[in-house]
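In what follows, a structure is listed as structure tokens, so that the remarks can point back to it.
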Amino acid sequence: MGTGGRARSCDPPPCKQGFTGPRRISQGLPRSWSQALPLERIAWIRADRWIGFEQSGAALARLENLLTYPPRDRMPCLLIYGETGMGKTKIVRKFERDHPPKFSQVTGVDHRPVVVAQVPSEPIERDLYRELMASMGAPAMVGGTLAREKDICRSLLRTVGAKMIILDEVNGMLAGTFRQQRIFLNAIRFLANDLRIPLVCAGTDLARQALLTDAQLAERFEAFHLKPWQNDAAFAGLLKSFERILPLREASDLNSGEARERIHKLTSGVTARIFRLIETAAEDAVRSGKERLDADSFGDNLVLPLVSMTQTSRRRGKPVQQRVGA
């Protein structure tokens with residue numbers, strides 16, 4: 001179960017703690033799910049969907065604020081950073097879905113307020129322009145000079161009406177030499193200055209370290225840290241949202257002290273691990289016929305879905321079982 005997308009059932013009403021998801025009837029599943037085959041319910045569990053929470057809501061609100069910022073010489077920028085699996089890319093993709101391109105009958109082009117690109121595996125300036133042009137649907141250029149590709153990229157960003165550029169996996173920039181990093185940082189600073197639009201970067205803490213190497217960019221970027229979950233009321237709210245949406249025939253209990261403690265220790269509060277763990281346990285509950293989740297669902301017999309979680313398990317001193325091919 002991912003953290004982006006939409007559920008297949010009817011439009012979900014808002015839930016407590018800022019979560020969203022299809023309503024779960026307390027006496028059991030809605031009729032459509034109560035009659036669904038196990039494989040259909042397992043497919044639903046595995047599907048990608050969005051479940052909002054406090055930190056993601058705050059990040060999206062900050063992005064919305066930047067999108068409406070009036071052009072000026074020194075545009076504000078934002079860095080969203082956190083551990084791998086904390087949902088940075090999911091937040092970026094959700095924001096992109098909220099601001100889709102719209103075809104203009106007048107100009108004959110897609111107006112794209114948000115342009116999202118992934119930082120190339122090596123921080124090469126030419127590859128940056130190519131990634132941006134590809135994200136705008138432009139055909140690949142062959143044989144053009146760097147200056148030509150740069151000019152075309154700038155022209156396209158203006159043509160599509162870009163109001164924000166988002167670069168994901170900025171920490172990948174550190175794979176290059178110091179000289180490559182400097183050229184790459186100069187290139188993204190130039191785009192922000194030239195187009196007078198906000199620049200958003202997302203990545204791990206290494207992304208923050210990369211931006212700190214450029215004093216001018218470091219002064220311009222606001223930092224938004226996605227912190228791991230603590231075993232608190234917000235975490236309880238997240239687990240409660242799972243209880244509401246999981247297509248199991250019996251009511252689950254993920255909010256007992258023992259269940260919360262086990263889930264938190266196995267995942268270290270990392271969002272992607274939490275989703276994968278509950279996905280795995282829910283699938284096992286369907287296959288075994290148990291049809292509910294509780295503290296026992298996360299015991300020693302559960303096959304852990306991620307290598308990172310087996311490492312956490314070893315530190316706790318419990319036997320490790322790992323899913324083959326997971």
Side-chain angles (χ1 to χ4, degrees), residues 59 63 66 73-93 96 114-158 162 164-227 270 272 307-308 311:
L63 289 170
L66 283 178
D73 291 335
R74 191 179 180 88
M75 294 298 295
C77 300
L78 178 66
L79 169 67
I80 302 175
Y81 74 100
E83 289 186 36
T84 298
M86 282 307 300
K88 301 174 292 295
T89 299
K90 292 293 185 183
I91 291 170
V92 167
R93 294 304 175 186
E96 185 182 28
V114 178
V115 176
V116 179
Q118 183 169 312
V119 169
S121 56
E122 189 176 3
I124 298 175
E125 183 180 4
R126 184 190 298 267
D127 290 346
L128 170 65
Y129 302 137
R130 289 178 176 177
E131 288 289 340
L132 287 169
M133 287 190 286
S135 68
M136 292 183 283
M141 289 186 61
V142 178
T145 64
L146 173 60
R148 177 63 174 161
E149 292 193 35
K150 179 179 180 179
D151 288 343
I152 291 177
C153 182
R154 293 163 59 199
S155 177
L156 278 175
L157 286 166
R158 289 191 176 94
M164 176 183 290
I165 296 174
I166 302 181
L167 298 178
D168 198 9
E169 303 292 348
V170 175
N171 44 281
M173 185 185 66
L174 293 178
T177 65
F178 180 76
R179 181 176 181 276
Q180 287 177 320
Q181 294 176 37
R182 302 302 303 173
I183 293 173
F184 192 86
L185 289 170
N186 285 337
I188 63 176
R189 184 174 63 246
F190 173 82
L191 285 176
N193 290 339
D194 180 60
L195 300 169
R196 302 177 75 191
I197 60 177
L199 175 65
V200 176
C201 294
T204 66
D205 186 63
L206 292 175
R208 183 181 63 85
Q209 297 177 32
L211 290 177
L212 284 174
T213 64
D214 188 303
Q216 294 184 43
L217 282 178
E219 288 293 330
R220 188 176 302 188
F221 272 84
E222 173 188 347
F224 189 100
H225 186 196
L226 288 171
K227 300 176 182 178
V270 175
V307 172
S308 58
Q311 293 173 336

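Fair warning: this is a prediction, and the values are worked out from it, not measured in the lab. Residues take their numbers from the sequence shown, with the count starting at 1.
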Which distance, rounded to the nearest 0.5 Å, do you find between the [atom1] of [X] and the [atom2] of [Y]?
X    : Y    : atom1 : atom2 : answer
L79  : L212 : CG    : CG    : 9.0 Å
I124 : E131 : CD1   : CD    : 11.0 Å
N186 : L217 : CG    : CG    : 8.0 Å
Q216 : L211 : CD    : CG    : 13.0 Å
T177 : F184 : OG1   : CZ    : 12.5 Å
I91  : L63  : CD1   : CG    : 8.0 Å

Q. Could you go step by step and tell me if L206 and V170 meet the side-chain contact (heavy atoms from CB on, under 4.5 Å) rule?
A. CA-CA 8 Å; L206 292 175; V170 175; over 6 Å; no
Side chain to side chain, [X] and [Y], heavy atoms closer than 4.5 Å:
X    : Y    : result
L78  : I80  : yes
Y129 : L146 : yes
V116 : R93  : yes

Q | Contacts of E125 that satisfy salt bridge (Lys or Arg N to Asp or Glu O under 4.0 Å) - sequence neighbours left out | A | none
Q: Under the salt bridge (Lys or Arg N to Asp or Glu O under 4.0 Å) rule, collect the residues that match up with E222, sequence neighbours excluded.
A: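 E222: salt bridge (Lys or Arg N to Asp or Glu O under 4.0 Å) contacts with R62.
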At their closest point, which heavy atom of [X] faces which heavy atom of [Y], and how far apart are they?
X    : Y    : answer
G203 : N171 : CA-OD1, 3.2 Å
L66  : C77  : CD1-C, 4.5 Å
L226 : G87  : CD1-C, 4.3 Å
A59  : F224 : N-CZ, 3.6 Å
A210 : M173 : CB-CE, 3.0 Å
P123 : A175 : CD-C, 4.3 Å

Please set out all donor-acceptor pairs under 3.5 angstrom arising from side-chain atoms of residues 132-145, sequence neighbours excluded.
residue : atom : partner : partner atom : Å
S135    : OG   : L132    : O            : 2.6
T145    : OG1  : R148    : N            : 3.1

(Q) Checking side-chain polar atoms at under 3.5 Å, does E122 have a donor or acceptor matched by the opposite partner on Q180? (A)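 Yes - a donor-acceptor pair under 3.5 Å links their side chains.
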Q: Mind running side-chain contact (heavy atoms from CB on, under 4.5 Å) on F178 and I183 for me, showing each step along the way?
A: CA-CA 9 Å; F178 180 76; I183 293 173; over 6 Å; no
Side-chain atoms of residues 192-200: list all donor-acceptor pairs with protein atoms under 3.5 Å, sequence neighbours left out, distances to 0.1 Å.
residue : atom : partner : partner atom : Å
N193    : OD1  : R220    : NH1          : 2.6
N193    : OD1  : R220    : NH2          : 3.2
N193    : ND2  : R189    : O            : 3.4
D194    : OD1  : R154    : NH2          : 3.3
D194    : OD1  : R158    : NH2          : 3.2
D194    : OD2  : R154    : NE           : 2.9
D194    : OD2  : R154    : NH2          : 3.4
D194    : OD2  : R158    : NH2          : 2.8

Q | Pairs touching residues 203-212 that satisfy side-chain hydrogen bond (donor to acceptor under 3.5 Å, both in side chains), sequence neighbours left out | A |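 Those involving residues 203-212 are D205-R208, D205-Q209.
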**Q.** side-chain hydrogen bond (donor to acceptor under 3.5 Å, both in side chains) contacts touching residues 78-88 (sequence neighbours left out)
**A.** none
(Q) Please check this pair: side chain of E96 against backbone of V115, looking for a donor-acceptor N/O pair closer than 3.5 Å. (A)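 Between the backbone of V115 and the side chain of E96 there is no qualifying donor-acceptor contact (under 3.5 Å).
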Q. Would L128 and I188 count as a side-chain contact (heavy atoms from CB on, under 4.5 Å) if you check the C-alpha gap in whole Å, the side-chain angles of each, and the deciding distance to 0.1 Å?
A. CA-CA 9 Å; L128 170 65; I188 63 176; 3.6 Å; yes
